[in-house]
2 protein chains.
Amino acid sequence: MATKTAPVAQALPLNQIMSGDCIDVMNSLPAGSVDLIFADPPYNLQLKGELHRPDNSLVDAVNDHWDQFSSFAAYDHFTRQWLAAAKRLLKPNGAIWVIGSYHNIFRLGAVLQDQGFWLLNDVVWRKSNPMPNFKGKRLTNAHETLIWASRDEASKYTFNYEALKALNDGIQMRSDWVLPICTGHERLKDENGDKAHPTQKPESLLHRIMVATTNPGDVVLDPFFGTGTTGAVAKMLGRDFIGIEREEAYRKAAQTRIDRVRRFDASALEITGSKRAEPRVPFGQVVERGMLRPGEELFSLGNRHKAKVRADGTLIGNDVKGSIHQVGAALEGAPSCNGWTYWHFKRDGKMVPIDILRQQIRAEMEADTRPTH
Amino acid sequence: MATKTAPVAQALPLNQIMSGDCIDVMNSLPAGSVDLIFADPPYNLQLKGELHRPDNSLVDAVNDHWDQFSSFAAYDHFTRQWLAAAKRLLKPNGAIWVIGSYHNIFRLGAVLQDQGFWLLNDVVWRKSNPMPNFKGKRLTNAHETLIWASRDEASKYTFNYEALKALNDGIQMRSDWVLPICTGHERLKDENGDKAHPTQKPESLLHRIMVATTNPGDVVLDPFFGTGTTGAVAKMLGRDFIGIEREEAYRKAAQTRIDRVRRFDASALEITGSKRAEPRVPFGQVVERGMLRPGEELFSLGNRHKAKVRADGTLIGNDVKGSIHQVGAALEGAPSCNGWTYWHFKRDGKMVPIDILRQQIRAEMEADTRPTH
DNA sequence: CCTGTGCGTGAATCCATCG
DNA sequence: CCGATGGATTCACGCACAG
């Protein structure tokens, strides 16, 4: 006899390409289950007629049927629908990247804001080899715009600051990224040798996005999967992906492509970590362990200020009592102070920052927690 | 006897700074009388608390009353009002530039499209010297976005293609412009020596805009005149300006400034295009572009040392992690090391220095990027 | 005169955790 | 949810001043 089955928590279709309309598919997946969404939606290009190069060759424009919208209102409606579905899928600390050109990016950005996403940066992908403007009537359209936004204002989004700084030779990464467009062997071809997808994104772009805003094992969803750049890079970098794509031909091309990708080994996926992630060491431990003795004097650089260590791990200096940070801040008249780097002690006549004592303690902690197989 | 005077075509207040709310003032001017509008509206920054640099100094934030809006809806309403007034003022072939950041530019762009302006390009002003992100929580906000739009789709807008090409060393001008922010002697100071306006735009930016999209004798209106960069550059370049500014202090500063400007004295604008040395290429780009893969091994000459590439462009070799230079130096016990010439990879059984990969990237960059000022 | 050093500062949605 | 506390965090320039 027929039984009603209770709704089961649906398992995530990891590392699969789902077929169908992205709004329907997203709405069928469990809420709050995705770490990052990368979306390259239709651009609403509004191209009139055909475009020819100066030599009369035809420019292969984006005029596929999926890129046709009758009006801004229709485009906005579509945008609100899929962004609402996307937001539902995100974990509380999840984030989204969208990419577009001036034809659609302003509408995307406004809807993101309207729906409570919290914009973190707009990023300019500066193309190192863009198509020139053949008619000389406008500037060379040499960039596309990405928007990075967290699910909401309170989200503790992932940002691997140190890794990105390392990628940029030790200088803080900027909001303008110079990367070449997707050409050559990376560009997928169909059986006729034509490009398989009109707007295939370069893997370098997705590489930077995923290194910046995901960790290994995160789930990355792409609702406009196309030929699967997001899936290919996710696999390389040890992230799980979920792809959604309507067109059979794109799904097939993407699957073949991803099957060929090799995942990098785990040690290569480790990235430069941040100090914030290091375990907290109370200054009191330094005193308890006898690395500094109560009554011992600490000095700021240049001997401008000094303070005395007390048995409970606080300092007293110039009538100010409190933590190493509080006393440092008070003596400097500064809003805050990192006591670990501010205070020094004398060893063999030299001034040594107390931070090296913290490093010793951390090293010991590390040794204790190491698996002893 | 009393006679009713027929309404007279109101004379344009050329080369004057009008006082008052820009919407009211624009509505009082005759329709279809302006060639170009440049608008730098409030950004609606939504700043919360104070921000300190790592050295504890306080960042002088934009918290002026004119930048406060209660909601996106309020900002949108304001935007629709002033853009409608602006559109009415434009000649049929007129055009508009607006500038903004990610806080407001998406709303500006969407309203422009909704009101029938025809977007021609979005232009990225890449700041050569932006303020860093002090807390390391986001990317350096290193650009602002401009939108260039004609009054409507049918407008035969002005675009001095050849002049811009000349400005760019004979290469078609791209949609990303590298220009420094306004500092030094160009930055207006008040009687206390503080900056007269929190967001003064560089003259180089207005210079390029006017050379690109106006002709001598054109009328350029700026509804958010501030300290009058638009007026100063218009005067230099032989264009007429109309400024609108609410704040008395800004009007006074602008008038003094413009009075001092000499027409055709373009010498102040010739920015010494610092002959950049060869462009810096972060090793991370070699990895992102897939020229070397995470996990791949690099070797020193003679195979004395080896190291593994990581996804963020750092190396790990013999427990040492860091940049190609740091790891090379550590393994050699040397104070420094040029990683580009030190490390090699295997190709066809031969050892090839990674510097050839940098040369490839430079060659690509060279092909498309000329100093853009 | 030149060179080097140190300081100031710019449209900024800029912390995480614990009690 | 709020308040207190630990403690992490910056790049490019212009300019003044020292030597």
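Letters go in sequence order (proteins before strands), and every chain restarts at 1. What you see is a predicted model; the values in this text were computed from it and never measured.
- B/Arg80 is linked by a side-chain hydrogen bond (donor to acceptor under 3.5 Å, both in side chains) to nothing, counting only residues two or more places apart in sequence or in another chain.
- At least one donor-acceptor pair closer than 3.5 Å links the side chain of B/Asp312 to the backbone N or O of B/Thr314.
- With pairs defined as Watson-Crick or G-U wobble and both atom distances under 3.5 Å, the stems of at least three pairs that touch DNA chain D come out as C:2-10 with D:11-19, C:15-19 with D:2-6.
- If you take atom C1' in C/dA11 and the same atom in D/dC15, they sit 23 Å apart, rounded to whole Å.
- Spacing between C/dT13 and D/dG7 at atom C1', rounded to whole Å, works out to 23 Å.
- Contact annotation: A/Ser323 reaches the phosphate of D/dG6 (side-chain N/O to OP1 or OP2, under 4.0 Å).
- Judged by distance alone with a 3.5 Å cut-off, no donor-acceptor contact links the side chain of A/Thr341 to the base of D/dA8.
- Geometrically, B/Arg107 does not engage A/Phe106 in a cation-pi contact, judged by NZ or CZ lying under 6.0 Å from the ring centre and within 45° of the ring axis.
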Q) How does each nucleotide of nucleotides 10-19 of chain D score, in 5' to 3' order, for protein heavy atoms under 4.0 Å: base (B), sugar-phosphate only (S), or none (-)? A) BBS-SS----

Validation: residues 324-336 of chain A side-chain donor-acceptor distances under 3.5 Å, sequence neighbours left out:
unit_1, atom_1, unit_2, atom_2, d
A/His325, ND1, A/Gly339, N, 2.9
A/Gln326, OE1, A/Ser323, N, 3.0
A/Gln326, OE1, A/Ser323, OG, 3.4
A/Glu332, OE2, A/Tyr342, OH, 2.5
A/Ser336, OG, B/Asn56, OD1, 3.4

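- Residues passing the side-chain hydrogen bond (donor to acceptor under 3.5 Å, both in side chains) test with A/Arg208, sequence neighbours excluded: B/Glu288.
- Taking every nucleotide of DNA chain C with any atom under 4.0 Å from a non-hydrogen atom of chain B, the first and last of them, 5' to 3', are C/dT9 to C/dA16.
- Look at the C1' atom in both C/dG8 and D/dT10: the space between them is 13 Å, to the nearest Å.
- Not one side-chain nitrogen or oxygen of A/His325 sits closer than 4.0 Å to the OP1 or OP2 atom of D/dG6.
- At a cut-off of 3.5 Å, with distance as the only test, a side-chain donor of B/Tyr43 or B/Glu144 sits close to an acceptor on the other residue.
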